[in-house]
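Position 1 is the first residue of the sequence, and the numbers go up from there. Hydrogens, waters and symmetry mates are skipped; everything else that's a heavy atom, side chains included, is used.
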Amino acid sequence: MIEGHGDDMHRYDEKIIHNFSSNIYYKGCPPKLLSELTSQSKTIQNYPSPAAEELSKAAANKFGLSSDHFLFTNGATEAFYLIAHIFSGKKAAIASPTFSEYEDACKIHGIAYQLIDKEGLNISNYDLVFICNPNNPDGRAIQSKRLVKLIQDNPSSMFVIDEAYIEFTNQTESLIPFIDKLPNLIIVRSLTKSFAIPGLRLGYVITSPNIIESLISKKMPWSVNALAVQAGLLLFKKYESFLFDIEELLDDTRAFIKDLSEISWLEINPTDTSYFLVKLDQGTASDLKDFLVRQHRILIRDATNFKLLDGEYIRLSTQNEEANATLIKALKQWN
C-alpha cells in the first residue's frame, strides 16, 4: 500500500502544527543522535555495506546473540516483503485488524492469506502467521507467555511477530530470549518508532541463521543507506540512554485519555501503549480529519481503512501537553 498509512503530511499544503496520526515518539529524535549524525554526513559519499553487516554485529552484542541471527532492512516494511518472498505460494494468517503491509506483502508474493480475529488467534493449517505485538492500530498487547505457547503448539507454522512498538508498552515483553528455543519464530523490529527516525528507514529481523540466509538470498543490496547505518551504530552503542521513559509516556497517555473521555461523542478504546483507537458516535472520520486539518492544522489518522474494524474510527498518538490540549479544544468545536 503506497498510500493509506497514518502519517500523510505530504498530502497537505497547509503546514501541520500537531501530528497525532503517526505513532512515533512525540519528543522526537534524541538531540545527541542528530548532532552525531551531522558529523557523519560525509559517509553518504561512499557505498554502504551491501547488507549492513556491521549493524548485525552491533545488535548481536546488545542482545547477546550471534550476528548471523540478524538482518537489517530498509524499515520494517522491507522485512515483511522479504519474508513473504521466501514463503511465496504458501498460506498465511494475519491477526487483524492490523498493519496493512502484511496483507500487501502476501498479495505481491502470491501467498493465499486469511484475516483472522486477533482476539481468538485460531491457528490451524497456516504456513505463515503475522501477529503485531503490541498491535497497530489499537495498541493492545498480547502476553509473551501466551505467544510462546501459541508458537510451541503450532510447530508447522512460521510466526512473524512484529515488535515495532514493543518499547511502547509495559504489558508484555520481547520474544528475543526465545529465538534459539523456537525455530518457527521470526521477530521483526524497528528503530524508527522509538527513536523518531522514520525518514531514515531502519528495521531488522531476528530469527534462526538458516532463515536469515534465505532472506539475504532475496534481498536487494545496499537497501540500508549509509546514514541509517551510522544511526543504527550510534543507537546500539547508547541504546538505553537514548530510549524514552515508558512510564512517563504512559502517564502522559492516561492524562490525555482522561481529558478526551469528557467529550461525549468519543468512545476511547482500551490501549497498552501511547496510541489508541477512538470511535466516533457522530459524523465521519474523514470529515473530522478534514476539519482538523483545514481549521486547526492538526492531523489525525482516519482508521476506517483497517479491515475487520467496523464503524467510524480515528487513531490518536499521545503528543505533548500543549498539543493534546489544542486537539481537545478543537474537537469540542466540531459539530
Side-chain angles (χ1 to χ4, degrees), residues 1 4-6 23 76-77 79-166 168-169 171-175 178 182-190 203 205-207 211 269-273 275-277 279 301-313 315:
M1 182 185 291
H5 293 308
N23 297 336
T77 298
F80 301 129
Y81 283 78
L82 284 173
I83 293 165
H85 197 168
I86 67 172
F87 283 87
S88 179
K90 302 294 186 179
K91 185 179 179 182
I94 302 173
S96 301
T98 196
F99 188 45
S100 63
E101 293 293 352
Y102 315 142
E103 185 178 354
D104 292 340
C106 288
K107 287 179 182 176
I108 286 177
H109 292 290
I111 295 176
Y113 67 90
Q114 184 174 355
L115 305 181
I116 63 171
D117 183 356
K118 71 179 184 66
E119 300 301 329
L121 288 179
N122 183 19
I123 307 299
S124 60
N125 301 318
Y126 293 107
D127 303 296
L128 195 60
V129 181
F130 290 91
I131 298 175
C132 187
N133 191 45
N135 189 47
N136 176 20
D138 59 17
R140 300 310 303 268
I142 302 172
Q143 291 294 312
S144 55
K145 62 182 180 181
R146 181 186 174 199
L147 281 179
V148 169
K149 186 176 188 307
L150 185 68
I151 296 168
Q152 289 174 331
D153 290 347
N154 295 274
S156 61
S157 297
M158 183 63 67
F159 285 79
V160 180
I161 307 299
D162 180 357
E163 292 188 351
Y165 296 103
I166 195 68
F168 285 75
T169 185
Q171 295 302 305
T172 190
E173 296 80 34
S174 173
L175 295 191
F178 296 93
L182 298 172
N184 57 329
L185 171 61
I186 300 174
I187 297 172
V188 177
R189 295 189 65 161
S190 169
V205 180
I206 312 171
T207 188
I211 297 176
N269 281 26
T271 183
D272 297 311
T273 66
Y275 58 90
F276 48 91
L277 286 173
K279 187 175 183 180
R301 171 65 151 97
D302 177 350
T304 55
N305 65 341
F306 282 98
K307 295 184 178 179
L308 301 191
L309 187 63
D310 296 325
E312 292 294 326
Y313 282 90
R315 189 192 66 201

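Under the 6.0 Å cut-off for aromatic ring centres, Phe130 and Tyr113 do not qualify, their centroids lying 6.0 Å or more apart.
In this structure, the separation between OG1 on Thr304 and CD on Glu312 is 6.0 Å, given to the nearest 0.5 Å. Taking OH of Tyr102 as the start and CD1 of Ile131 as the end, the distance is 9.5 Å to the nearest 0.5 Å. To the nearest 0.5 Å, atoms CZ (Arg315) and CG (Asn23) are separated by 4.0 Å. From Phe99, atom CZ reaches atom CG of Asp162 across 7.5 Å, with rounding to the nearest 0.5 Å. How far CG of Leu277 is from CZ of Phe306: 7.5 Å, rounded to the nearest 0.5 Å. We find the CE-CD1 distance between Met158 and Ile211 to be 3.5 Å, quoted to the nearest 0.5 Å.
Partners of Tyr126 according to the side chain to side chain donor-acceptor pair (under 3.5 Å) rule, which considers only residues two or more places apart in sequence or in another chain, are Gln114. Partners of Asp138 according to the salt bridge (charged side-chain N to carboxylate O under 4.0 Å, His left out) rule, which considers only residues two or more places apart in sequence or in another chain, are Lys118. Applying the side chain to side chain donor-acceptor pair (under 3.5 Å) rule to Thr273 yields the partners Thr271; only residues at least two apart in sequence or on another chain are considered. Partners of Ser144 under the side chain to side chain contact (heavy atoms under 4.5 Å, CB included) rule, at least two apart in sequence or in another chain, are Thr172, Glu173, Leu175.
Asp127 has its side chain out of reach of Ser157: every pair of non-hydrogen atoms, C-beta onward, lies at least 4.5 Å apart.
Taking every heavy atom of both residues into account, Gly139 and Pro134 meet most closely at O-CB, 4.2 Å.
Residue pairs meeting the salt bridge (Lys or Arg N to Asp or Glu O under 4.0 Å) criterion with at least one partner in residues 143-153, sequence neighbours excluded, are Lys149-Asp153.
Asp272 contributes no side-chain N or O that, together with a main-chain N or O of Gln171, makes up a donor-acceptor pair within less than 3.5 Å. Judged by distance alone, the side chain of Asn184 and the main-chain N or O of Asn154 form a donor-acceptor pair under 3.5 Å. The closest donor-acceptor contact from the side chain of Thr98 to the backbone of Pro137 lies at 3.5 Å or more, if one exists at all.
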Can you list, pair by pair, the side-chain donor-acceptor contacts under 3.5 Å of residues 88-97, counting residues two or more places apart and other chains?
from	atom 1	to	atom 2	distance (Å)
Ser88	OG	His109	O	2.8
Ser96	OG	Ile94	O	3.0

